[in-house]
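Data first, discussion second: the structure below is written as structure tokens.
In this text the structure is predicted, and so the values were computed from the model without any measurement. Keep in mind that the numbers below use all heavy atoms, side chains included, and drop hydrogens, waters and symmetry copies.
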Amino acid sequence: MDKFVHLHLHTEYSAGDSIVRINELMDEAKALGMDALAITDHGTMGGVHKFWSAAREHGIKPIIGCELYVKDDKTRTHLTVLAKNKNGYLSLVKAVNLANSRGLEDRDIFELKDVIVLSGCMSGKIPRLILGNEIEKAREVARAYKERFGEDFYIELMRTGLKEQIALNETLVDIAKSLNIKTVATNDVHFLKKEDALTHGLFVSMNRNMKWDGNVAYGSDHYYLKSAGEMRKLFEDLPQSVENTNEISEKCEEYDLFVDIKLPFSSDRDCETLKEKIGNVSDDRKKRLDRELKLIESKNFCRYFLTVSEIIDYAQKAGILIGPGRGSSVSSLVAYLLGITTIDPLKHDLIFERFLNESRTEDPDIDIDVEDNARDDLILGLAQKYGTNNLAQVGSYGTLGSKAVIRFTGKSLGVNERVIEDLAWRVSGYDSIGKAIVENQEFRRISKSDEVKALVSYALKLEGLIHHKTIHAAGIVLSDGDLTNLIPMTFDGKRWITEFDMESLADLGITKIDLLGLKTLTNIKETLGGKAKREDLMNIPIDDERIYEILKSGNTSGIFQLESASASALTKKLAPENFNDIIALLSLNRPGPIYSGIADEYIRRRHGGAVMKDEFGLDKILGETYGMIIYQEQIMKIAMEIANFSESQADLFRKAISKKDPAIMRDLKEKFVNGAISKGYSENMALKLFDSISNFASYGFNKSHSVAYAYITAWTAYLKATMPANFMVSLMNSNISDPAKLSIYKKELERLHVKVLPPDINESRALFYSEGKNVRTGFAAIKGIGINLGRMIEEERIRGKFENFLDFLSRMKKKVNSKSLEILILSGAFDSTDPNRKYLIDNMEGLIDLSEGGLKMIQQQLFGSEERKALPPIENYPDYSPSEKIKLQRQYVDLLFDLEGDDFEKVMERGHGRVAFQIFERDGLIFATDGKNELPFSYERPLREGEMYEGEFVVKNGNVILSRLISSSNETYIYLKDPSEIDSYISRISDMKDHRLIFKISNFYIILEDKTFKEEEG
């Protein structure tokens, strides 16, 4: 069979431009009998590792390349470059990094080594010159490339159905012949099959935020993975151009992508340095320390521990708060003695082998919690310390989830927004659109309707595709050398970001260190005055009675890990009395233990319920958890003490039994039973114990992590008990753009007898702050104001308080626009100086003119303008009614202040009521909150998260149900029995600015917007 190799191919990593998924690509290539394939994504090598891995798995030779962007005057031209070997791969990596930092020029291309260069598509430099009728200039460029790359430079020919290509190819062939340059046929692949062309066309429009015109992208449906036969037929007049694809493939060696990236703590005696840093320890710790050090040294992990320790030392010197530790690293005595963690593992009986043991092959995983406001500062500081090119943040890729793809697709197809939101609502909570179709009968019915059939069909094809590049929430890569020579990256102006994602880096053996921004650490630090250090936190008394009084009450809003309704309920039931109770609580506060009944059984035993007789002699191991296996470490201890497993065998046992793999379980069962028999247990007893462990294993939690986070839980409870206003202020500032959270925290402050004061132009700061026994609302909590304008107001006020609105205008006129002024007025910020809000709104233009010298007013008086010549007197000027003030204020400050109406508790008591509420999504489910309570929510029409609504609720069968939606921030809903009633409402409308009325009559919605009717079926 004649062969052909695709050498110009874009995968989904050419984000927004290709719909080729790598695994599907390999399946199709294999089906077409292809044994080699290239990847040449647009300006990126992000998909190279996954392409390389998948190709090798499918028995296909991977050819690594990239379609580079090269600067040419004010434009960019394209150039197809393929790596011949590993040296060429690294040369290409360096070029991509240059392109992503400062841009590539011709001289950079000429410095590439061990690469094959193709002249590119129609956007290549040579084709562009030809299309611009600069033939001789194109010839000179081709000659220059030929002189530099010799037999490794080819003229690229495409026949993808475009008329311009006919004359272009003739000239390209002519230049190739005149300069003795070989030609090569490519097909610029952007989708797999010809029938995918329309889907690709929609995808390209979607990513350009354009309505799709129904046509294919780039003027052709030929950009698919054509077979060798199709390509040979297409170029039957130029057969050598097809044959040359095989020649190029032969020139490209097969090689791996592994690179040697060492951590920056460079020393020939890392392990000696590690021991010196730890110093001498007491005899009771020496045996454990020696065991840990021996394993760390044998695994060559000394440098890793030193580097992590150095990062934490740097952070502390920089005044950045670091958490006590997290995950299984808390079980390491070495980590504790180095200051990586602040929790003594011996005090809490933690097992080192849960973290590291002989059987572990991958790098240790020490995650570092950092106050979230300072995480970027820490990363930039580390980049300065180790070198900008020696540190990179780990890149990630955002994909089109089910809701997002429905919204994007629907918008490009021009589908009604209400219909789009309804579909997005219906797929919430499902893993995929396909799952929703199978499991949701109503969604399945709707998806077949004429209105949305095409939308759902296209969305199914596009779901899960890469949509954009982003940054991993935690990971960084550190090196003792220049990373730009080793892995492909992008540069954001301050730091490098890897193009390989977390999985690719791990597969290539590149060490990742996680720095996780933890909002709670910021809250703790701010509560303590902004200068708290780790040692200050460890000095907080975790046995203080006030901690446990708060937890027993179930008032856990703001308490770390216990804020959700389910966590609050569980905390109240457990009623913690000591620190060990908090450790257990965090381990139980997960879906598995809660829904399986294990949490309830633990609580029953905790409060004196009968405990089953210990048949196995496990009192020492399970005594603290009332005979129940709550922690993974307990499984390991049982395996070691009862079945005679080694520490590393015990950890393997813990992992395997949790996964419940039948084949592995059989082998483990035999080893466990034999080990138990050797320790004096009967076979029957050993089998019974194994089954008991199996039942609990999947619910066991990492005790090391629970211990670390239990400290943070206790600290937040202590601060809430002792410094409630400061603590809640920090929480509100951390969630200043989340109205639902702000409302919950406001209610909590009221419960604590702390009043939240409204915004005030002379008292408010950019953020919330404690004002005596009260809390003052910050400007940034007002929609449309933001923290920057808030700080500018603060700074100006240093010169003196604002006397009134006019004084504010004259001093802030260059920093504030009319919309911001309107927002500040309606939010009540000027009530202390100018209480008549309506006067300020109605006369804003005149007041602005007056603050600027009254020039417009003088002109009107001089030239006899019919417009108002002077401002009306403020005396007796009608202000908004109280209800109007509240309604207008809600647009900008949501639930921060007391609202008229009921809450869900009153609705439950009375059976009905009108409630102001918001909705939010959590774990795929929709909830409504009145600021104090939350409940599961559904409605016939989709509602937006974060928006303020008012509705009539009723109680049916014990459930609180929304019966009528009354209003939102920019809509009012009116329910009618007779269409003729509409006229009486319209006659009372004076202003429809930024608002609309929605009349519901039976199953129809009639919308009045800008005084124009729109009729929609409901």
Mind checking whether Tyr709 and His705 have parallel, tilted or perpendicular rings, split at 30° and 60°?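 If you compare the ring of Tyr709 with that of His705, the planes turn out tilted.
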Using the ring of each side chain (for Trp, its six-membered ring), is Trp52 parallel, tilted or perpendicular to His49, with breaks at 30° and 60°?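 Judged by the thresholds at 30° and 60°, the geometry between Trp52 and His49 is tilted.
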Do [X] and [Y] have side-chain heavy atoms sitting under 4.5 Å apart?
X      : Y      : value
Leu562 : Thr716 : no
Phe560 : Leu518 : yes
Ile603 : Leu570 : yes
Asp501 : Lys50  : yes

Do you know which two heavy atoms are closest between [X] and [Y], and how far apart they sit?
X      : Y      : value
Leu483 : Val477 : CD1-O, 3.9 Å
Leu586 : Gln561 : CD2-CB, 3.8 Å
Leu486 : Val259 : O-CG1, 3.7 Å
Arg303 : Leu263 : NH1-O, 3.1 Å
Leu478 : Ile261 : O-CG2, 3.8 Å
Trp715 : Ile542 : NE1-CG2, 4.1 Å

N-O pairing of [X] and [Y] below 4.0 Å:
X      : Y      : result
Lys294 : Asp290 : no
Asp349 : Lys703 : no
Glu310 : Lys277 : no
Glu353 : Arg654 : no
Arg288 : Glu292 : yes
Glu633 : Lys637 : no
Asp480 : Lys262 : no

Between [Y] and [X], do the side chains contain a donor N or O and an acceptor N or O under 3.5 Å apart?
X      : Y      : answer
Asn684 : Ser682 : no
Ser648 : Ser359 : no
Asp507 : Ser504 : no
Thr522 : Asp372 : yes

With a sphere of 6.0 Å drawn around NZ of Lys512, does it hold more than 12 non-hydrogen atoms of other residues, nucleotides or ligands?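 Yes, NZ of Lys512 has more than 12 neighbouring heavy atoms, counting only those of other groups under 6.0 Å.
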Should we count NZ of Lys533 as having more than 12 external heavy atoms under 6.0 Å?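 It does not: Lys533 NZ has 12 such atoms or fewer within range.
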Applying the salt bridge (charged side-chain N to carboxylate O under 4.0 Å, His left out) criterion to Asp581, which one of Lys552, Arg606, Lys573 satisfies it?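 Among Lys552, Arg606, Lys573, the one that satisfies the salt bridge (charged side-chain N to carboxylate O under 4.0 Å, His left out) with Asp581 is Arg606.
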Distance-only, no hydrogens or angles: does the His348 side chain make a donor-acceptor pair with backbone N or O of Ser331 under 3.5 Å?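 Side chain of His348 to backbone of Ser331, a donor-acceptor pair under 3.5 Å: no, none is there.
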